[in-house]
Amino acid sequence: AFWWQGALRFISAVCCHALLRYDADTLLAASLSSQGDALYAMELALSLEKLNFQKLRELHDVADQAGDSQMCDFIEGTLLAPQVQSVKQVAEYVSQLRRVGKGLGVWEFDRKLAADVAAGAVA
C-alpha cells in the first residue's frame, strides 16, 4: 500500500535530517467503530487521508520556515502529490457509495473495487 511505503520513506528522510526521533512501539493503529458499513469505513478513510494531507502541509511549513529546501522538495515531490491523488480517490469512493445506497449497490462497488485492486489500478 502506498501509505506504508510513503511512511517509511518519510521516516527515513526525517531521521536523516535529524529533525525527529521515533519509536515504532508508539505508533498505534486506528480503532474502528462497530458500525461496520462500507460508507462509514470510506468516510473514516477519507478523514484520515485529509488529516495526513494537513499534517504534511504543516510539516512542509515547518521545513520552509527552517529554510530546509531539501526537505520541502522531498515533501512536495514524494509525499504531497500522491497524497492529493489518494484524497481524491477516496472522496470519489465516498461519493459513489452515497449514490449506490445499501445492499446490491455496495456489493457491486466492492466487486469493482476488488477488481481494480487486483488489476493494480488502486494502491
Side-chain angles (χ1 to χ4, degrees):
F2 164 75
W3 69 270
W4 185 246
Q5 294 166 350
L8 291 177
R9 281 185 292 194
F10 172 72
I11 289 171
S12 65
V14 169
C15 289
C16 288
H17 276 70
L19 294 173
L20 173 72
R21 294 184 185 269
Y22 80 101
D23 180 13
D25 294 334
T26 62
L27 300 175
L28 300 175
S31 63
L32 294 176
S33 171
S34 61
Q35 282 190 342
D37 71 357
L39 179 58
Y40 176 76
M42 281 295 174
E43 286 173 341
L44 180 61
L46 180 59
S47 67
L48 291 173
E49 293 290 346
K50 287 180 177 180
L51 178 65
N52 191 25
F53 178 76
Q54 176 187 354
K55 296 303 179 182
L56 285 173
R57 290 289 304 154
E58 290 173 8
L59 182 65
H60 182 274
D61 292 342
V62 169
D64 191 36
Q65 291 170 359
D68 192 346
S69 59
Q70 288 179 334
M71 183 58 98
C72 287
D73 187 47
F74 173 77
I75 292 169
E76 289 170 8
T78 307
L79 301 174
L80 277 177
Q83 186 63 35
V84 168
Q85 291 301 318
S86 182
V87 169
K88 181 179 182 254
Q89 185 177 46
V90 176
E92 288 174 359
Y93 290 156
V94 168
S95 177
Q96 290 171 3
L97 282 167
R98 285 184 180 148
R99 283 189 302 242
V100 299
K102 296 189 183 262
L104 182 61
V106 173
W107 183 82
E108 283 291 332
F109 173 84
D110 188 48
R111 198 168 67 105
K112 181 184 179 315
L113 182 60
D116 288 349
V117 168
V122 177

Hey, could you give me the [atom1]/[atom2] distance between [X] and [Y], rounded to the nearest 0.5 Å?
X	Y	atom1	atom2	value
Ser86	Leu79	OG	CG	12.0 Å
Leu97	Lys102	CG	NZ	10.0 Å
Lys112	Asp110	NZ	CG	12.0 Å
Leu59	Asp64	CG	CG	11.0 Å

Linking I/L/V/M/F/W/Y whenever any side-chain heavy atoms sit under 4.5 Å apart, do Leu39 and Trp107 land together?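 Different clusters.
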
Group every Ile, Leu, Val, Met, Phe, Trp and Tyr by side-chain heavy-atom contacts under 4.5 Å, then state whether Val106 and Val117 land in the same group.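 Yes.
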
For a 4.5 angstrom cut-off between non-hydrogen side-chain atoms, does Phe74 reach Met71? yes

So, do Leu113 and Met42 sit near enough that their side-chain heavy atoms are less than 4.5 Å apart?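 Side-chain contact under 4.5 Å: yes.
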
Please enumerate all residues that pass salt bridge (Lys or Arg N to Asp or Glu O under 4.0 Å) together with Arg111, with sequence neighbours excluded. Glu108

Glu58: side-chain contact (heavy atoms from CB on, under 4.5 Å) partners, not counting sequence neighbours: Gln54, Lys55

With [X], which residues qualify under side-chain hydrogen bond (donor to acceptor under 3.5 Å, both in side chains), at least two apart?
X	value
Arg98	Glu43
Gln96	none
Lys50	none

Backbone N/O of Gln83 and side chain of Glu49: donor-acceptor pair under 3.5 Å: no

Tell me, which pairs form a salt bridge (Lys or Arg N to Asp or Glu O under 4.0 Å) where one or both residues lie in residues 79-91, sequence neighbours left out?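 Passing the test, one end in residues 79-91: Lys88-Glu92.
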
